[in-house]
**Student:** 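Attaching a single structure in structure tokens format; questions to follow.
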Amino acid sequence: MPLSIATWNVNSILARLPTALAVLKHVDADIVCLQEIKCEDARFPRLEIESMGYNVATHGQKTYNGVAILSKHRIEEEAPGLPEGEGDDHARYLECVIAAPGGPVRVASVYAPNGNPVGTEKFSYKLAWHDRLIAHAERLLALEEFCVIAGDYNIIPRDVDADDPASWRGDALFQPESIGKYRALANLGYVECFMQADGRPRQFTFWDYQAGAWRRDHGIRIDHLFASPQAADRLTGVSIHRDARAMDKPSDHVPIIGAFDW
DNA sequence: ATGGTCGCGTAGCGA
């Protein structure tokens, strides 16, 4: 059976609610990973999302960060936060096991730190956070499950994943150390779905609100779906819902959807 | 041109 898994940095679910509901309806994914919901669990618009046929798991935070997973199938387990998180109060990781018709699937919604400016504790936090993600992803790989770790990685993997790579050269999203974290996940055995299904240049998922970035197509590809071998073997395609950036009150990110046969 | 624009929350930070 087809199983679609989307990821979308919504940039505040409350500020975005009418837009988000329209986008979610159009994307119509079985599972949706959301980032930057920017609200505590109790304030998440659960009823509105549930009325679309989704079960909801949240790992919320006031003002900043916050991730969620929406699923048309039953959510069997919820695990907020990465291991080794003592002293880290950012809500950036939520993992669920979902009872898909083809069998259980493990899905994680990740919101990696931005890390700017380079050379500060923000950048070292970004790298250390990725190291914790990579260590956890390695443990998940040993389970030999259908597993997808999807979200806003805040990493531009290649020059061709930016409209103007030179303008990102000094940015935390485009540092060799950051790209090394993306490659480390792939080197573990995870497959980045976009690269497996398409890989073509200039397919962007983020356009800044500033300086007419959308109008000029000054975009970058920073939202990724990493699939375990058991999931990657079932990948049938990837699509980017570019139209979402042209809506009223858009997020600065658009959804990217992996299609699987499971 | 080192700007611009959002969201949160109501000043200034984060992105």
Side-chain angles (χ1 to χ4, degrees), chain A residues 7-24 33-45 48-49 58-68 87-94 109-130 133 150-157 161-175 177-179 181-182 204-224 241-256:
Chain A
T7 181
W8 185 30
N9 181 322
V10 67
N11 187 15
S12 173
I13 189 66
L14 293 169
R16 200 74 52 222
L17 194 54
T19 306
L21 294 175
V23 168
L24 291 171
C33 298
L34 295 177
Q35 298 87 36
E36 284 206 88
I37 61 172
K38 292 188 177 179
C39 66
E40 293 173 312
D41 294 343
R43 293 196 65 206
F44 190 88
E48 290 88 338
I49 304 282
T58 59
H59 179 37
Q61 182 176 347
K62 190 178 176 180
T63 310
Y64 306 114
N65 313 315
V67 289
D88 183 2
D89 58 356
H90 294 199
R92 298 184 177 274
Y93 184 89
L94 175 63
S109 179
V110 309
Y111 176 49
N114 174 292
N116 278 303
V118 173
T120 68
E121 69 290 341
K122 288 178 185 290
F123 188 61
S124 50
Y125 170 68
K126 173 182 189 149
L127 299 180
W129 190 92
H130 274 288
L133 176 66
D152 177 359
Y153 283 75
N154 269 315
I155 297 170
I156 305 166
D161 297 314
D163 169 70
D164 179 14
S167 71
W168 293 92
R169 202 58 71 184
D171 195 283
L173 280 61
F174 203 38
Q175 294 309 295
E177 298 96 319
S178 303
I179 295 168
K181 303 307 181 189
Y182 171 98
F204 307 134
T205 63
F206 169 91
W207 297 259
D208 201 285
Y209 288 124
Q210 300 184 72
W214 167 245
R215 183 171 49 80
R216 300 163 192 258
D217 198 25
H218 288 179
I220 51 176
R221 187 173 67 87
I222 56 175
D223 299 273
H224 310 301
H241 189 56
R242 221 182 122 91
D243 293 352
R245 190 61 179 81
M247 296 174 71
D248 288 336
K249 293 274 290 178
S251 171
D252 40 7
H253 295 247
V254 299
I256 174 167

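Heavy-atom basis, side chains included; hydrogens, waters and symmetry copies ignored. Sequence lines set the chain letters: A, B, ... in the order given, protein chains first and strands last, and positions in each chain run from 1.
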**Student:** Using atom C1' of each nucleotide, how far apart are B:dG3 and B:dA15 to the nearest Å?
**Tutor:** 16 Å

**Student:** Establish, from distance only, whether the side-chain atoms of A:Glu36 and A:Asn9 form a donor-acceptor pair under 3.5 Å.
**Tutor:** yes

**Student:** Are any of the side-chain heavy atoms of A:Ser178 and A:Phe123 separated by less than 4.5 Å?
**Tutor:** yes

**Student:** Cut-off 3.5 Å, side chains only: do A:Arg92 and A:His90 have a donor facing an acceptor?
**Tutor:** yes

**Student:** Rounding to the closest angstrom, what is the interatomic distance between B:dG7 and B:dA11 at atom C1'?
**Tutor:** 14 Å

**Student:** Rounded to the nearest 0.5 Å, what separates atom CD1 in A:Ile179 from atom CD1 in A:Ile155?
**Tutor:** 8.0 Å

**Student:** For the residue pair A:Asp41 and A:Thr58, confirm or rule out a side-chain donor-acceptor distance under 3.5 Å.
**Tutor:** yes

**Student:** In whole angstrom, what separates A:Arg216's CZ from B:dT5's C1'?
**Tutor:** 13 Å

**Student:** Any chance the side chains of A:Asn11 and A:Lys38 put a donor and an acceptor closer than 3.5 Å?
**Tutor:** yes

**Student:** When you check every protein heavy atom under 4.0 Å of nucleotides 7-15 of chain B, what one-letter string (B, S, -) results, 5' to 3'?
**Tutor:** SSS----SS

**Student:** Using the P atom as the point on both nucleotides, what is the distance between B:dG4 and B:dT10, in whole Å?
**Tutor:** 24 Å

**Student:** Using the C1' atom as the reference point in each nucleotide, state the distance between B:dA1 and B:dG12 in Å, no decimals.
**Tutor:** 24 Å

